[in-house]
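Computed from heavy atoms alone, side chains included, the values below leave out hydrogens, waters and symmetry copies. Labels below follow one simple rule: chain letters A, B, ... track the order of the sequence lines, proteins then strands, and each chain is numbered from 1.
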Amino acid sequence: MDLNAITDQERIRRQKLAELRERGIDPYPARCERTHTAKQAKAAFERGELGPDDIVALVGRIMTRRIMGKASFAHIEDGSGRIQIHVRRDLLGEETYNWFFKKMLDIGDIIGVKGPIFRTRTGEITCEVREITLLTKTLHPLPDKWHGLTDVETRYRHRYVDLMVNPEVREIFVKRAKLVRAIRDYLDSEGFLEVETPILQPIYGGAAARPFTTYHNELEQELYLRISFELYLKRLIVGGYERVYEIGRDFRNEGVSFKHNPEFTQLEFYEAYTDYHGVMRRAEELISYAVEQVNGSLKLTFQGHEIDFTPPWPRVPLRDAIHEKTGIDIMQYRGDADGLRKAMRDIGGNPNPEAGWGKLVDSLLSSYVEETLIQPTFIVDYPVDISPLAKRSPENPDIAERFEGFIGGMEICNAFSELNDPLDQLERFLEQGRALAAGDEEAHPVDEDFILALRFGMPPTGGFGMGIDRLTMIVTDKPSIREVILFPHLRTKLQGVT
RNA sequence: GGGGCGCUAGCUCAACUGGUAGAGCAGCGGACUCUUAAUCCGCGGGUUGGGGGUUCGAGUCCUCCGCGCCUCACCA
């Protein structure tokens with residue numbers, strides 16, 4: 001539990017460190033030799049390119065050992081994988097074998113070996129060690145070679161140990177990188193420009209969330225860590241770029257859960273001269289492309305559910321989705337929050353007494369509908385009052401042209417026909433400002449410069465935001481967002497109690 | 001923030017209604033030239049998350065605190 005404690009095992013390793021230095025061996029040499037990775041050496045041998053006279057130089061961490069009197073086996077592991085080494089006394093000499101290899105080296109040490117590659121009687125490709133060099137002495141013992149490290153708290157707090165001994169964890173972040181790469185490939189090939197916008201913002205916006213606050217000393221100014229990129233990316237559309245995107249970190253000062261981390265990775269793209277229908281088509285194309293690139297197939301298993309990403313995905317009006325799950329027709333209570341609250345209580349719900357119609361509708365969605373949306377599904381047409389940056393439906397001014405994409409029972413993305421009417425946008429900001437003043441801490445503050453940008457004219461635009469972490473959860477079949485974030489947020493352990 | 005569960009050796013886990021804290025791996029010493037969870041013999045290793053309490057006696061019961069997990073609330 002306490003990895004900082006000096007145990008008897010570490011004390012022994014520190015003694016070895018001193019003994020190595022006494023004998024003139026640098027336990028942390030500056031240079032090393034390598035001709036092949038473990039994987040390359042095995043592949044070259046398989047192809048017949050390495051004969052008994054070809055010497056390879058390998059490096060890696062000692063992961064297992066089977067020590068015997070005059071010849072031993074071990075596995076070393078580098079970034080490409082493991083390879084077995086065979087260490088013989090008659091090839092290395094008495095001192096190197098008995099003292100250096102058997103006494104001074106430990107599991108976890110990083111070494112270099114040189115020698116030819118051969119195949120053992122049991123068929124394993126193995127390096128016959130002629131030279132062995134210490135590259136890094138390890139002082140802390142590794143976790144159990146068989147059970148590995150399973151304690152989630154230790155795995156997250158000391159992720160390097162988790163990665164070291166759990167190759168399947170390393171694989172998660174390889175997949176994550178492939179996913180992000182595929183998203184970039186798609187957007188780049190469609191003519192989107194990747195941009196970077198401020199993380200430190202004087203006014204936060206683009207989402208309903210409480211921000212982290214910080215302070216610039218020289219400017220004597222309070223700043224916020226962004227909760228979304230939206231208002232900056234739309235300024236770029238005003239400026240004349242037709243297709244822009246950003247992949248980066250958002251910060252939201254809210255609770256943590258299996259699908260919430262205080263900082264998380266978001267993709268947002270904005271595309272001029274399209275609407276939310278166009279964005280829906282692009283969203284299913286983008287996501288299915290990225291999933292197929294990572295997964296090799298449009299079908300995968302997430303938490304026991306077979307999920308099929310093949311487009312097109314169903315478009316279900318929010319009104320219908322809620323009606324199907326609850327029997328409540330939200331449009332029947334339009335503008336009648338109290339009536340809707342009563343209907344919610346009638347089906348056993350516990351509606352927020354402060355919430356307006358839109359927020360109640362949203363809570364119906366998250367309480368009754370969201371977890372049932374396993375297959376990729378677009379829920380479309382949301383209440384305007386919880387969509388302050390989305391364009392109104394021409395057919396119904398209470399409804400915004402907005403959709404959210406759900407996969408595996410989680411909201412994955414959120415998009416709309418962007419509101420480009422500056423006066424309507426100002427009115428919605430003011431509405432939000434009143435909510436903020438009334439105590440809704442997640443409402444939008446007014447961004448006057450953004451209104452000015454809209455007054456210069458933003459073309460009809462579709463915008464899209466997606467949680468990369470959640471999509472990674474789906475693709476790697478992980479039940480918690482912490483499994484797909486290398487260093488998830490945990491409370492800091494304090495030294496000394498009370 | 002509320003509720004529930006958990007925290008024992010470096011790692012993975014035991015320890016019945018309170019009665020001497022154990023095992024496997026890892027480590028240390030020894031044997032062993034095709035092993036791969038190597039095997040065999042022997043040995044050491046603990047402030048049972050922390051403080052306080054009840055008791056002849058606490059890993060176990062009570063209490064406060066810390067951290068984690070689940071859940072509810074919250075959450076575009």
Side-chain angles (χ1 to χ4, degrees), chain A residues 1-13 15-16 63-75 82 84-91 97 102-103 106-108 118-124 126 128 138-157 161 165 206-210 227-228 230 252-260 318 350 352 355 358-359 361-363 365-367 370 379 382-383 385-390 400 402-404 411 413-416 441-444 465 467 479-480 482 490-498:
Chain A
M1 183 148 248
D2 182 3
L3 292 190
N4 295 314
I6 305 295
T7 62
D8 58 334
Q9 292 198 46
E10 174 145 5
R11 213 167 290 123
I12 289 163
R13 291 192 182 201
Q15 283 162 15
K16 292 179 181 178
M63 300 304 287
T64 64
R65 277 194 310 183
R66 293 164 294 284
I67 289 192
M68 289 170 286
K70 300 192 185 70
S72 302
F73 290 94
H75 279 101
R82 288 188 184 190
Q84 183 168 255
I85 61 173
H86 190 220
V87 185
R88 292 169 52 159
R89 194 176 70 181
D90 57 359
L91 292 176
Y97 185 77
K102 285 170 72 171
K103 299 296 178 203
D106 290 291
I107 288 175
F118 73 108
R119 199 183 283 275
T120 64
R121 279 175 212 161
T122 53
E124 180 159 357
T126 301
E128 187 72 86
T138 300
L139 297 181
H140 201 289
L142 261 52
D144 187 294
K145 66 183 172 190
W146 189 243
H147 300 97
L149 180 67
T150 62
D151 179 77
V152 292
E153 187 175 352
T154 310
R155 288 183 47 232
Y156 297 158
R157 285 190 194 280
V161 186
V165 300
R210 289 150 68 193
I227 59 174
S228 88
E230 174 150 2
R252 296 186 185 175
N253 204 341
E254 313 230 338
V256 298
S257 81
F258 75 94
K259 57 181 177 179
H260 295 91
L318 178 58
N350 182 24
N352 181 342
K359 282 214 163 201
V361 168
D362 193 50
S363 83
L365 170 64
S366 52
S367 301
E370 181 169 1
I379 299 292
Y382 282 65
D385 54 324
I386 55 166
S387 312
L389 300 162
R402 170 180 172 189
F403 73 87
E404 291 185 315
E411 179 203 333
C413 60
N414 178 27
F416 22 90
E441 293 186 83
E442 296 186 339
H444 283 64
S480 165
R482 295 181 201 105
L490 295 181
R491 195 185 298 264
T492 306
K493 281 197 173 181
L494 298 173
Q495 302 285 345
V497 189
T498 60

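Note: CD1 (A/Ile107) to P (B/A38) measures 8 Å, nearest angstrom. Separating the CZ atom of A/Arg155 from the P atom of B/G10 is a distance of 20 Å, rounded to the nearest angstrom. For the pair A/Glu411 CD and B/C74 C1', the interatomic distance rounds to 15 Å; values are reported in whole Å. The distance between atom NZ of A/Lys359 and atom C1' of B/C74, rounded to the nearest whole Å, is 10 Å. Nucleotide B/C75 holds its P atom 13 Å from the CG atom of A/Leu365, rounded to whole Å. When rounded to the nearest whole Å, the span between CD1 of A/Ile386 and P of B/A76 equals 8 Å. Atom CE in A/Met68 sits roughly 7 Å away from atom C1' in B/A38 (whole-Å rounding). At whole-Å resolution of the value, CZ in A/Arg491 and P in B/G66 are 8 Å apart.
Tested against A/Phe73, the residues A/Val87, A/Ile85, A/Thr120 include a single side-chain contact (heavy atoms from CB on, under 4.5 Å) partner, A/Thr120.
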Q.
Using the rule given for side chain to side chain contact (heavy atoms under 4.5 Å, CB included), can you reason through A/Met63 versus A/Lys145, listing the C-alpha separation, both sets of side-chain angles and the distance that settles it, and then say yes or no?
A. CA-CA 8 Å; A/Met63 300 304 287; A/Lys145 66 183 172 190; over 6 Å; no
Q. A/Lys359 and A/Asn352: side chain to side chain contact (heavy atoms under 4.5 Å, CB included), yes or no, with the steps?
A. CA-CA 9 Å; A/Lys359 282 214 163 201; A/Asn352 181 342; over 6 Å; no
Q: Under the side chain to side chain contact (heavy atoms under 4.5 Å, CB included) rule, what do A/Arg482 and A/Val256 come out as? Steps first, then yes or no, please.
A: CA-CA 10 Å; A/Arg482 295 181 201 105; A/Val256 298; 4.2 Å; yes
Q.
Show, in sequence, the C-alpha distance, side-chain angles and deciding distance for A/Gln9 and A/Asp106, and conclude whether the side chain to side chain contact (heavy atoms under 4.5 Å, CB included) test is met.
A. CA-CA 11 Å; A/Gln9 292 198 46; A/Asp106 290 291; over 6 Å; no
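Remark: the A/Ser72 side chain and the B/U33 base include no donor-acceptor N/O pair separated by less than 3.5 Å. Side-chain atoms of A/Glu124 stay outside donor-acceptor range of the base of B/U35, with no qualifying N/O pair under 3.5 Å. A donor and an acceptor atom sit less than 3.5 Å apart, one in the side chain of A/Asp144 and one in the base of B/G24.
When the C1' atom is used for both B/C34 and B/U12, the distance is 30 Å, rounded to whole Å. Here, B/G46 and B/G27 have their C1' atoms 15 Å apart, quoted to the whole Å. Going from the P atom of B/U60 to that of B/G49 covers 8 Å, rounded to whole Å. The P atoms of B/C62 and B/C5 are separated by 10 Å, rounded to the nearest whole Å. Atom name P, nucleotides B/G59 and B/C7: the rounded distance is 14 Å, in whole Å.
Side-chain N/O atoms of A/Lys102 include none lying less than 4.0 angstrom from OP1 or OP2 on B/G30. One finds no side-chain N or O of A/Arg13 lying less than 4.0 angstrom from the OP1 or OP2 phosphate oxygen of B/G10. Applying the 4.0 Å criterion to OP1 and OP2 of B/U35, one finds that A/Arg66 has every side-chain N and O outside that range.
Side-chain N or O atoms of A/Glu254 include one that pairs as donor or acceptor with a backbone N or O of A/Arg210 at under 3.5 Å. Here the side chain of A/Arg402 pairs a donor or acceptor atom with the backbone of A/Ile386 at under 3.5 angstrom.
When side chains are defined from C-beta on, A/Pro383 does not count as touching A/Asp362, because their heavy atoms never get closer than 4.5 Å. Within the 4.5 Å cutoff, no side-chain heavy atoms of A/Lys103 are placed close to those of A/Lys16. The shortest distance between side-chain heavy atoms of A/Lys102 and A/Met68 does not fall below 4.5 Å.
Summarising the base pairing, B/U55 is matched to no nucleotide, lacking a Watson-Crick or G-U wobble pair whose two defining distances lie under 3.5 Å. Nucleotide B/U17 forms a pair with no other nucleotide shown, judged by Watson-Crick or G-U wobble geometry with both contacts under 3.5 Å. B/G42 is paired with B/C28 under the criterion used here, namely a Watson-Crick or G-U wobble arrangement in which both key atom distances are under 3.5 Å. Nucleotide B/A23 forms a pair with B/U12, judged by Watson-Crick or G-U wobble geometry with both contacts under 3.5 Å. Both distances falling under 3.5 Å, in either a Watson-Crick or a G-U wobble arrangement, place B/G66 opposite B/C7. The partner of B/C34, taking Watson-Crick or G-U wobble pairs whose two distances both stay under 3.5 Å, does not exist in any strand shown.
The nearest heavy atom of RNA chain B to A/Lys70 and to A/Leu149 marks one nucleotide each, and the one closer to the 5' end goes with A/Leu149.
Using a 4.0 Å heavy-atom cutoff across all strands shown, A/Arg482 reaches sugar-phosphate atoms only and no base atom. Among the protein residues, A/Ile12 comes within range of the sugar-phosphate backbone only, with heavy atoms under 4.0 Å from sugar or phosphate atoms but none that close to a base. Using a 4.0 Å heavy-atom cutoff across all strands shown, A/Thr150 reaches sugar-phosphate atoms only and no base atom. The residue A/Phe118 sits close to a base: some heavy atom pair falls under 4.0 Å. Residue A/Glu404 is in sugar-phosphate contact alone, with no base atom involved, counting any heavy-atom pair closer than 4.0 Å across all strands shown. Within 4.0 Å of A/Lys259, counting heavy atoms only, lies no atom of the nucleic acid at all. Nucleic acid contact for A/Arg65: sugar-phosphate only, since backbone atoms but no base atoms lie under 4.0 Å from a heavy atom of the residue. Within the nucleic acid shown, A/Asn350 has no heavy atom closer than 4.0 Å to any nucleic acid atom.
Here the nucleotide nearest the side chain of A/His140, chosen from B/G10, B/U12, B/A76, is B/G10. Comparing B/A76, B/G27, B/G68 by their nearest atom to the side chain of A/Leu490 picks out B/G68. Distances from the side chain of A/Arg402 to the nucleotides B/A37, B/A76, B/G10 place B/A76 closest. Of the listed nucleotides (B/C75, B/G68, B/A76), B/A76 has the atom at the smallest distance from the side chain of A/Ala207. Considering only the side chain of A/Arg121, B/C34 comes nearest among B/G24, B/C34, B/G27. When the nucleotides B/A37, B/G68, B/A76 are ranked by their closest atom to the side chain of A/Glu153, B/G68 comes out on top. Which of B/C34, B/U12, B/G27 sits closest to the side chain of A/Thr120 comes down to B/C34. For A/Lys145, whose side chain is taken as the heavy atoms from C-beta onward, the closest listed nucleotide among B/G10, B/A37, B/G29 is B/A37. When distances run from any side-chain atom of A/His147 to the nucleotides B/C69, B/U35, B/U12, the shortest one goes to B/U12. Taking only side-chain atoms of A/Pro143, from C-beta outward, the nucleotide of B/C11, B/G30, B/A76 with the closest atom is B/C11.
Annotation for A/Tyr156 and A/Ser480: closest pair OH-OG, 4.4 Å, computed over non-hydrogen atoms.
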Q: Sugar-phosphate atoms are those with a prime plus P, OP1 and OP2; base atoms are the rest. Using that split, label each nucleotide of nucleotides 39-47 of chain B B, S or - for protein heavy atoms under 4.0 Å, 5' to 3'.
A: -----BS--
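Between A/Phe118 and A/His86, the two ring planes are tilted [angle within 30° to 60°].
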